[in-house]
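Computation of the quantities below employed the complete heavy-atom set of this structure, encompassing side-chain atoms and omitting hydrogens, waters and symmetry-equivalent molecules. Throughout, a chain's letter reflects where its sequence line sits, starting with A, and its residues are numbered from 1. It should be emphasised that the depicted structure is a prediction, and the values quoted were computed from it without experimental measurement.
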Amino acid sequence: MAVLVIAEHDNASLKDATNKVVTAAKAMSGDVDVLVAGSNAGAAAAEAAKIEGVRKVLHADAAALAKQMAEPLEALITPLMSNYDAVLFPASTTGKNAAPRVAAKLDTMQVTGVIGVEGPDTFVRPIYAGNALITVKDEQPKKVLTVQPTAFKAAATGGSAAVETVATPGGAYKSAFVSEEMAKSDRPELTGAKRVVSGGRALGSSEEFNKVLEPLADKLGAAVGASRAAVDAGYAPNDYQVGQTGKVVAPELYVAVGISGAIQHLAGMKDSKVIVAINKDEEAPIFQVADYGLVADYKTAVPELMDELSKAGL
Amino acid sequence: MKVLVPVKRVLDYNLKVRVKPDGSGVDLSNLKMSMNPFCEIAVEEAVRMKEGGGGHAKDAATEVVAVSIGPDQAQETLRNALAIGADRGILVKADGEVEPLAVAKLLKAVIEAEKPDLVILGKQAIDDDNNATGQMLAALLGWPQATFASKIVLGAGKATVTREVDGGLQTIDVELPAIITTDLRLNEPRYASLPNIMKAKKKPIDVKTPADLEVDTTPRLKVLKTAEPPKRQGGVKVKTAAELVGKLKEAGVI
């Protein structure tokens with residue numbers, strides 16, 4: 001079977017999520033191609049060609065694809081599917097937005113948020129915020145999957161696949177990009193970060209959230225995340241949200257500060273390698289998943305942790 | 001402008017689901033069911049378009065129609081939408097699992113009869129976590145879509161929608177008719193007042209079947225088994241920050 005992977009990129013560079021979805025695709029088939037759809041995205045396409053095990057890279061370049069909106073992506077991908085048996089999207093907001101649109105056009109029910117590939121047509125995915133895992137068999141002639149990148153190891157680089165230009169269908173679309181406000185930060189991106197420092201409602205205000213977490217994140221070279229409770233309370237922006245309805249992260253180190261550990265938060269971080277919890281409530285559910293728990297008020301514990309990290313040379 | 005809002009009956013979001021010991025599914029018996037939280041946000045936004053709240057002009061929406069696909073008990077979910085302020089309900093009576101693709105086909109049939117100018121749905125249901133119905137419906141209708149909305153501004157023949165995307169916010173224009181799916185921060189749904197709950201009992205609910213709408217709802221995906229996720233073992237409690245840093249060094253993560 002032939003599998004098409006939709007690359008995650010920002011035109012200038014390829015995101016690591018692409019390499020992870022390629023790993024999922026290779027568990028289904030040896031014939032894996034990658035589509036880089038963007039505008040002036042030649043650099044991202046060249047990077048995709050270096051992923052090991054990729055047969056070829058399809059590169060579609062058009063102004064309409066600059067923001068990878070659902071309508072033009074669907075118009076591009078659906079006709080390409082005459083050459084493929086399955087298409088895999090990363091479970092990013094771009095992938096989640098476009099995949100079902102392609103699936104419906106192919107009269108396919110998509111398999112969402114795949115965390116395990118057991119064969120070419122058998123997949124594992126979470127339901128109920130990860131409180132249950134279902135194994136599904138998909139015997140539809142055209143398969144559409146969104147893949148949770150954090151569940152797969154990134155495919156190595158070192159390959160040299162050919163890059164083939166594919167034409168972008170012209171056409172008028174009924175949606176148009178107006179503007180965007182992207183968070184500017186020197187910190188690593190939350191979903192791909194090796195370390196994450198995350199705060200909860202206990203922090204009490206947006207000022208306190210930033211004052212406590214940012215220095216710790218800077219010291220650790222970590223991304224900053226938040227629980228839904230902290231986001232709902234307005235202490236942190238929505239794109240910080242880790243959990244069922246936010247982002248799924250799996251860093252090497254996850255430090256939860258003042259987070260109680262609601263089910264919906266755990267769904268977004270329980271695959272982290274090492275979890276540290278700092279909470280003054282000894283009974284907080286977060287301690288049930290934490291490798292190292294410190295029962296303490298964050299107000300004293302975080303400054304002490306900063307000191308100790310400095311002593312340790314960070 | 002007529003607004004249609006599909007709503008789903010799901011396990012109450014405060015409850016934790018249990019996997020049946022034989023792995024045949026999840027056990028929902030005797031558990032409280034409620035409207036999916038993202039659907040509540042969708043109903044609230046549509047009603048604000050009618051009432052003139054949330055930055056919308058009064059009567060921006062002239063009629064709000066709630067639609068649910070599910071068993072008889074989904075009528076309760078529709079009553080809930082009517083209590084928030086929807087004008088009437090349509091139940092497409094379907095027992096058992098109906099996948100998003102089939103839901104989208106049923107909704108398409110309802111929409112072709114109702115001809116709304118705008119359809120607002122929750123971005124995902126908290127039971128199957130698919131995040132697919134709105135996008136599929138947009139594809140089947142050939143309408144534009146604005147998913148994960150945190151702000152909606154209605155204009156002449158269009159809506160300007162701010163979307164929650166990875167890394168920040170994106171604003172797009174969609175021509176009407178359009179599909180919009182809601183994210184958490186679009187609004188905070190009200191609690192229905194007792195008089196409105198009473199009033200809702202008198203509002204009409206029309207009942208249809210998938211056969212009436214000529215849609216086959218047979219699931220496409222076969223669920224082989226349902227399992228508990230692997231349990232993560234809690235580790236140790238440390239007494240001091242110094243001890244914590246020692247442990248993190250041992251673990252090789254700093």
Next on the checklist: I'd like to know whether B:V245 forms a side-chain contact (heavy atoms from CB on, under 4.5 Å) with A:L305, so could you lay out the CA-CA distance, the side-chain angles of the two residues, the decisive distance to 0.1 Å, and finally the verdict.
Outcome noted: CA-CA 7 Å; B:V245 170; A:L305 179 57; 3.6 Å; yes
Next on the checklist: With side-chain contact (heavy atoms from CB on, under 4.5 Å) as the criterion, how do B:I126 and A:Y128 come out once you've worked through the C-alpha distance, each side chain's angles and the decisive distance to 0.1 Å?
Outcome noted: CA-CA 6 Å; B:I126 60 166; A:Y128 287 97; over 6 Å; no
Next on the checklist: Using the rule given for side-chain contact (heavy atoms from CB on, under 4.5 Å), can you reason through A:Q264 versus B:Y13, listing the C-alpha separation, both sets of side-chain angles and the distance that settles it, and then say yes or no?
Outcome noted: CA-CA 10 Å; A:Q264 92 91 27; B:Y13 79 100; over 6 Å; no
Item to check | Pair B:Q135-A:R101, side-chain hydrogen bond (donor to acceptor under 3.5 Å, both in side chains): steps then yes or no | outcome: CA-CA 5 Å; B:Q135 297 90 315; A:R101 197 163 175 116; over 6 Å; no
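Of the two parts of B:Q145, the backbone and the side chain both hold a non-hydrogen atom closer than 4.5 Å to a non-hydrogen atom of chain A. Only the backbone of A:Y173 comes within less than 4.5 Å of a heavy atom in chain B; its side chain stays farther off. With a 4.5 angstrom heavy-atom cutoff, B:R163 touches chain A only via side-chain atoms. Heavy atoms closer than 4.5 Å to chain B are found nowhere in A:L266, neither backbone nor side chain. Looking at A:A290, the atoms closer than 4.5 Å to chain B (heavy atoms on both sides) all sit in the backbone: N, CA, C or O. Neither the backbone nor the side chain of A:K194 comes within contact range of chain B, judged by heavy atoms closer than 4.5 Å. The part of B:L184 that comes within reach of chain A is its side chain, from C-beta onward, which places non-hydrogen atoms under 4.5 angstrom from that chain. Both the backbone and the side chain of B:V236 have a heavy atom closer than 4.5 Å to some heavy atom of chain A. Contacts of B:A104 with chain A are absent, with no heavy-atom separation under 4.5 Å from either backbone or side chain. Heavy atoms of A:T122 lying under 4.5 Å from chain B belong exclusively to its side chain. For chain A, no part of B:L176 is nearby; none of its heavy atoms comes within less than 4.5 Å. Looking at B:F38, the atoms closer than 4.5 Å to chain A (heavy atoms on both sides) all sit in the side chain, from C-beta outward. With a 4.5 Å cut-off on non-hydrogen atoms, A:I263 touches chain B through its side chain but not through its backbone. For B:V253, the parts lying near chain A are the backbone and the side chain together; criterion is any non-hydrogen pair under 4.5 Å. For B:T240, the part lying under 4.5 angstrom from a heavy atom of chain A is the backbone only. With a 4.5 angstrom heavy-atom cutoff, B:K231 does not touch chain A via any of its atoms. Contacts of A:V302 with chain B are absent, with no heavy-atom separation under 4.5 Å from either backbone or side chain.
The greatest number of non-hydrogen atom pairs below 4.5 Å with chain B, out of A:E304, A:R195, A:M306, A:Q241, is found for A:R195. Chosen from B:K16, B:Q233, B:K239, B:K237, the residue pairing most often with chain A at heavy-atom distances under 4.5 Å is B:K237. Of the listed residues (A:L190, A:T112, A:N238), the one with the most heavy-atom contacts under 4.5 Å to chain B is A:N238. Across A:E139, A:E189, A:M182, A:K174, the residue that shares the most heavy-atom pairs under 4.5 angstrom with chain B is A:K174. Heavy-atom pairs under 4.5 Å with chain B peak, among A:M69, A:K311, A:Q140, at A:Q140. Across B:K158, B:K249, B:R185, the residue that shares the most heavy-atom pairs under 4.5 angstrom with chain A is B:R185. Here A:D291 is the residue among A:D291, A:I127, A:I115, A:T146 with the most heavy-atom pairs under 4.5 Å with chain B. Across B:G167, B:P230, B:A125, the residue that shares the most heavy-atom pairs under 4.5 angstrom with chain A is B:G167. Contact tally against chain B (heavy-atom pairs below 4.5 Å) for A:D307, A:V136, A:D239, A:T135: the top residue is A:T135. Highest contact tally toward chain A, considering only B:L140, B:V17, B:V161, is held by B:V17 [criterion: heavy-atom pairs under 4.5 Å]. Of the listed residues B:N130, B:V174, B:D183, the one with more heavy-atom pairs under 4.5 angstrom with chain A than any other is B:N130.
Using a 4.5 Å cut-off on side-chain heavy atoms (C-beta onward), B:P144 and A:E71 make contact. The side-chain heavy atoms of B:M136 and A:M109, taken from C-beta on, include a pair separated by under 4.5 Å. In this structure, B:D129 and A:R125 have side chains that are in contact, with non-hydrogen atoms separated by less than 4.5 Å. The shortest distance between side-chain heavy atoms of A:L220 and B:I254 falls below 4.5 Å. Two residues are said to be in side-chain contact when any heavy atoms from C-beta on lie closer than 4.5 Å; A:E308 and B:L248 fail this criterion. Side-chain atoms of A:P100 and B:L137, non-hydrogen and from C-beta on, never get closer than 4.5 Å to each other.
Around the NZ atom of A:K273, the shell of radius 6.0 Å holds more than 12 heavy atoms that belong to other residues, nucleotides or ligands. Within a 6.0 Å radius of NZ in A:K142, other residues, nucleotides and ligands contribute more than 12 heavy atoms. Summarising the local packing, CZ of B:R190 is surrounded by more than 12 heavy atoms from other residues, nucleotides or ligands at distances under 6.0 Å. Counting heavy-atom neighbours within 6.0 Å of A:E181 CD, excluding the residue itself, gives a total of 12 or less. No more than 12 heavy atoms of other residues, nucleotides or ligands sit less than 6.0 Å from atom CD of B:E188. Remark: B:E214 CD is loosely packed, at most 12 non-hydrogen atoms of other residues, nucleotides or ligands lying under 6.0 Å away.
Distance alone, capped at 3.5 Å, is enough to place a donor-acceptor pair between the B:D166 side chain and the A:T93 backbone. Side chain of A:Q110 to main chain of B:A132: no donor-acceptor pair is present (N/O by atom type, distance under 3.5 Å, no hydrogens or angles). Between the side chain of B:R232 and the main chain of A:K270, a donor-acceptor pair closer than 3.5 Å is present. Looking at B:D173, its side chain never comes within 3.5 Å of a backbone N or O of A:S175 through a donor-acceptor pair.
Closest of all the heavy-atom pairs between B:P229 and A:L133 is CA-CD1, 3.8 Å. Between B:A139 and A:A104, the shortest heavy-atom distance links the atoms CB-CB, 3.8 Å.
With rounding to the nearest 0.5 Å, the separation of CG in B:L244 from CD1 in A:I278 is 6.5 Å. In this structure, OG1 on B:T147 lies 3.5 Å from CG on A:N97, to the nearest 0.5 angstrom.
Among the residues in residues 280-289 of chain A, those with a non-hydrogen atom closer than 4.5 angstrom to a non-hydrogen atom of chain B are A:E282, A:F287, A:Q288, A:V289.
Under 4.0 Å is where a charged nitrogen must lie from a carboxylate oxygen, and between A:D107 and B:K105 at least one such pair does.
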